[in-house]
Amino acid sequence: MRYLGLDVGTRTIGIAASDALGMIANGVETIHRTSLERDFARLGELIKEYEASVLVVGYPKNMNGSIGERAQNCAALAEQLREKFANVEVVLWDERLTTVAAHRVLIEADMSRNKRKKVVDTVAAVLILQNYLDFKNNA
């Protein structure tokens, strides 16, 4: 079973994919959002290319666990994904602080600010997906 992880933002969607065993997450790309139709068309291509059966969508809860506007937007998008890709399971996964962790990893790798901007969403998607895989494999 293969998984795709999504770090959904207003301007971009970071994408990560699991290996065939569902153990390790790898960065794929960052989709620069233009329209829902185009975003979903690209996601459909990636689902087919990676033969993904599960989409793990980052769910950015507030630090106190409450659901804010960003989390509501991600939940709404997850519902649209369920409707559009009926043969794929869509899971919301708590992603608190993944973008902060992604920035920290890239800074520690001594990556320039310009380069970090280009890959931070993909790295955040990797962290979301890897956390989900670790939980699922240790459950």
Side-chain angles (χ1 to χ4, degrees):
M1 180 179 290
R2 297 215 33 186
Y3 303 81
L4 288 181
L6 284 67
D7 177 45
V8 179
T10 54
R11 294 187 299 234
T12 60
I13 302 174
I15 308 290
S18 75
D19 62 341
L21 298 174
M23 302 288 285
I24 299 171
N26 296 293
V28 174
E29 69 179 65
T30 297
I31 297 172
H32 295 278
R33 300 186 73 179
T34 55
S35 70
L36 197 58
E37 185 178 311
R38 286 186 181 165
D39 298 346
F40 280 12
R42 182 61 186 139
L43 281 170
E45 292 169 0
L46 292 169
I47 289 167
K48 184 180 279 189
E49 179 181 341
Y50 287 92
E51 299 175 350
S53 54
V54 179
L55 297 177
V56 180
V57 178
Y59 191 49
K61 292 181 180 179
N62 292 324
M63 289 308 295
N64 65 3
S66 65
I67 307 303
E69 184 179 345
R70 286 191 60 231
Q72 290 173 354
N73 291 341
C74 287
L77 182 73
E79 191 54 42
Q80 292 172 311
L81 289 168
R82 286 183 186 102
E83 292 171 11
K84 177 73 175 175
F85 305 107
N87 59 331
V88 177
E89 180 183 358
V90 178
V91 176
L92 288 171
W93 185 253
D94 187 354
E95 66 147 304
R96 282 178 268 192
L97 298 178
T98 54
T99 301
V100 172
H103 276 289
R104 195 170 295 139
V105 166
L106 296 171
I107 288 168
E108 288 174 10
D110 202 27
M111 186 174 279
S112 72
R113 183 181 305 243
N114 245 2
K115 289 181 182 176
R116 284 195 311 263
K117 283 182 182 180
K118 295 176 184 175
V119 298
V120 70
D121 297 312
T122 302
V123 173
V126 169
L127 293 172
I128 291 165
L129 183 55
Q130 190 63 57
N131 287 336
Y132 176 80
L133 294 173
D134 291 347
F135 173 81
K136 188 137 177 78
N137 291 327
N138 291 323

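Excluded from the calculations below are hydrogen atoms, water molecules and symmetry mates; all remaining heavy atoms, backbone and side chain alike, are included.
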- request: For a side chain to side chain contact (heavy atoms under 4.5 Å, CB included) with Leu4, tell me which candidate from Ile47, Val56, Val57 qualifies.
  value: Ile47
task: Go through the steps for Glu89 and Leu55 under the test side chain to side chain contact (heavy atoms under 4.5 Å, CB included), then give the verdict.
output: CA-CA 6 Å; Glu89 180 183 358; Leu55 297 177; over 6 Å; no
field: Pair listing, side chain to side chain donor-acceptor pair (under 3.5 Å) test, anchored in residues 39-53, at least two apart
entry: Glu29-Arg42, Arg33-Asp39, Arg42-Glu45
message: List the residues meeting side-chain hydrogen bond (donor to acceptor under 3.5 Å, both in side chains) with Asn87, not counting sequence neighbours, and say none if there are none.
response: none
- request: Output yes when a side-chain donor or acceptor of Gln130 lies under 3.5 Å from a complementary backbone atom of Ala25, and no otherwise.
  value: yes
Listed partners of Asp19 passing salt bridge (charged side-chain N to carboxylate O under 4.0 Å, His left out), at least two apart: none
- request: Please test Leu81 against Leu6 for side chain to side chain contact (heavy atoms under 4.5 Å, CB included), starting from the C-alpha separation and ending with a verdict.
  value: CA-CA 11 Å; Leu81 289 168; Leu6 284 67; 4.2 Å; yes
- prompt: Mind checking what makes side-chain hydrogen bond (donor to acceptor under 3.5 Å, both in side chains) contact with Arg82, not counting sequence neighbours?
  reply: Glu79
Set of ring pair (Phe, Tyr, Trp, His ring centres under 6.0 Å) partners for Tyr132, sequence neighbours left out: Tyr3, Trp93
task: To the nearest 0.5 Å, tell me how far Ile31 CD1 sits from Arg11 CZ.
output: 16.0 Å
message: Is there a continuous path of hydrophobic side-chain contacts, each under 4.5 Å between heavy atoms, that joins Ile24 to Ile128?
response: no
task: Heavy atoms only: give me the nearest Ser18-Leu133 pair and the separation to one decimal.
output: CB-CD1, 3.9 Å
- prompt: Do the side chains of Ile15 and Leu46 get nearer than 4.5 Å, heavy atoms only?
  reply: yes
query: Looking only at atom types and distance, does a side-chain atom of Asp134 sit under 3.5 Å from a main-chain N or O of Met23, one as donor and one as acceptor?
result: no
field: Nearest non-hydrogen partners of Gly5 and Ala125, listed with the distance
entry: O-CB, 3.8 Å
- prompt: With hydrophobic residues grouped by side-chain heavy-atom distances under 4.5 Å, do Leu43 and Val88 end up in a single group?
  reply: yes
message: Going by salt bridge (Lys or Arg N to Asp or Glu O under 4.0 Å), name the pairs with one or both residues in residues 58-70, residues two or more places apart or in two chains.
response: none
message: If I take atom CD1 from residue Ile13 and atom CG from residue Leu77, how far apart are they, to the nearest 0.5 angstrom?
response: 6.0 Å
query: Shortest non-hydrogen contact from Ala75 to Tyr59?
result: CB-CE1, 4.0 Å
Met1 side chain near Val54 side chain, heavy-atom distance below 4.5 Å: yes
query: Within a strict 4.5 Å, meaning less than it, do heavy atoms of the Thr12 and Asp7 side chains meet?
result: no
field: Pairwise distance OG1(Thr122) to CG(Leu127) - rounded to 0.5 angstrom
entry: 11.0 Å
task: Report the distance from atom CG of Asn131 to atom CG of Asp94, rounding to the nearest 0.5 Å.
output: 9.5 Å
